[in-house]
Protein chains: 2
Amino acid sequence: MGTSIAELITDRMDAMPAGERRAAQTLIANYPLAGLKTVADFSQHAGVSSPTILRFVARLGFHNYAEFQATLQHELAAQLQSPLSRTERQSGHRGEEPAMLAATLDNIRETFGHVSPRQMDEIVALLAHPRASIHLIGGRFTDPIARYMAAHMTIIRPAVFHLSGQESNWRDRLIDMGRRDVLFVFDIRRYQDSLLQLAETAHKRGIQIVLVTDQWLSPIARFARHVVAGRTAVPSAWDSSAALFVFAEALIGELTRRLESESAKRIGELETLRKG
Amino acid sequence: MGTSIAELITDRMDAMPAGERRAAQTLIANYPLAGLKTVADFSQHAGVSSPTILRFVARLGFHNYAEFQATLQHELAAQLQSPLSRTERQSGHRGEEPAMLAATLDNIRETFGHVSPRQMDEIVALLAHPRASIHLIGGRFTDPIARYMAAHMTIIRPAVFHLSGQESNWRDRLIDMGRRDVLFVFDIRRYQDSLLQLAETAHKRGIQIVLVTDQWLSPIARFARHVVAGRTAVPSAWDSSAALFVFAEALIGELTRRLESESAKRIGELETLRKG
DNA sequence: CCAAAAACGTAACAATCGATACAGCGCGCG
DNA sequence: CGCGCGCTGTATCGATTGTTACGTTTTTGG
């Protein structure tokens, strides 16, 4: 479906009989609403008879009127989803977004503004290494984001682990990790001491650490190979982790693209596993 | 033309019966295309019967379905012809944000555009009830968001539980829940059957269900008191849960404000507990 | 806890829709 | 000038639509 119906029509309009051309013109004139009404309405509005409308539609390559309308609606749906001008059209009580929402959006933009494509690439490269194992963990409020990443990464590559449960268990896991492996940590203030100790121990063992933190930088930054500082300040009693979350999603997306060829086979196997 | 239909709906949605509210939600979720199809399509998509759709339309003040559709089309026509030509929506009008980031930001804005302050208020009121217990759960990828909410809510109010572990345990937890309690569910496609069954059982027990889903609406919407439809589509192999996450944060913020007086004491006690 | 009211779905109806067959009209080539 | 082909409108049929009545279920109020 490369071309829209509008282009299709203007292309072929010259090669049409008079009646069908009138149909085409009225459709273009108020596109695409004329095509969403009934055949009778359409025909009357164009000043032709109903069969002419149907012949016109058939000439465009559709098997019946319903198929034509369906295509038109899909096209329209795609258009309506991108811009958000809809809700603020009339009598803008929507003059300003809620302060918290605006701040969150700014945070996200700001966060991405400070992450260079090169850094992104390097982090993805670390996570994409086929022989590396990836261990994710977060703090009290950020651990869910670590889980979110783990849930996706488990699907596209092997050896992905989320460090959950007792803190003493974390340390024990370190024994399985080496220089090529990655410890992916989320830590925002108030920074958790337990995470710092884990990171320090991991660092001593030569494990690669990727840290996602806030703009004041967790002390773990000292041991990290890569540090991503997200903005978290919002007009609320809490800090916002939204920017970190979106960054995690971006990372997942990039990683998926990079691993596309290798993970395709894996995903297929997973599908059959689930159904079996 | 004073008010648009969308506003009309969000205004009156609270005063509607369950079935008609579901119709309203599906119409808002993908506005206004759902209303331009046939009654049968609309009803099936909303999971209700055709007469319910007609009653819904009648409640909005229209004499028949045709009149409703006509109004919807006029509204759409005015919107399509006004501002930007629709052909140049594709090319980069911004300062070169990555496509995925731009899509995510749009999704967030769009999602909040569809949530009325009133609905927000009602959800917060449910979560703020001092005698209610709150149980949160999510699907494969969204459960981390449920955890994130739970982590915050636990601090500002009692009786907050995240349903984790074996699926069979979820059901057993239902035994502690009654009419005043809340089951807060995240569910995006591919919708999980286990969550649906949980929600159905909970609904039969009269438990209030708040559902955060995607724009295609999880089948759980059928049992939910409140449905929030977030946008999840991004140019990636995955869907994006960022909008749901930000919504969760907004909910946490609002809830905190509402409970400020009651939770202050609680937070103080927690502080001393941690240090003690 | 029970009675009254509201809401919902099933089933049937009539109106309307999309689709097809057929006949009249206009146009161009021989 | 007349013959034939393509385009168009009228008439018609079956399918689908919107709509209504009715019985069951759910919710509300006392």
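Chain naming here is simple, since letters A, B, ... match the order of the sequence lines and numbering starts at 1 in each.
Side chains of B:H162 and B:D143: a donor-acceptor N/O pair is present below 3.5 angstrom, by distance only. Side-chain atoms of B:H203 and B:R222 form no donor-acceptor pair, as typed in the model, at a separation below 3.5 Å. Inspection of the B:H45 and B:S43 side chains reveals no N or O donor paired with an N or O acceptor under 3.5 Å.
One atom, CZ of B:R22, and another, P of C:dG9, lie 7 Å apart when rounded to the nearest Å. As a whole-Å value, the separation of B:R222 CZ from C:dC8 P is 11 Å. Rounded to an integer number of Å, the gap from CZ of B:R179 to C1' of D:dT26 is 11 Å. Rounded to an integer number of Å, the gap from CD1 of A:I53 to P of C:dT20 is 16 Å. The CZ-P distance, from A:F68 to C:dA19, rounds to 11 Å in whole Å.
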Treating primed atoms plus P, OP1 and OP2 as sugar-phosphate and everything else as base, which nucleotides of nucleotides 7-22 of chain D get B, S or - for protein heavy atoms under 4.0 Å? SBBB-------SBB--

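By the 4.0 Å N-to-carboxylate-O rule, B:E260 lies too far from B:R257 to be salt-bridged with it.
Relative orientation of the A:Y148 and B:F141 rings is perpendicular, given thresholds of 30° and 60° on the angle between their planes.
Atom CD in B:Q208 sits 13.0 Å away from atom CZ in B:F184 (nearest 0.5 Å).
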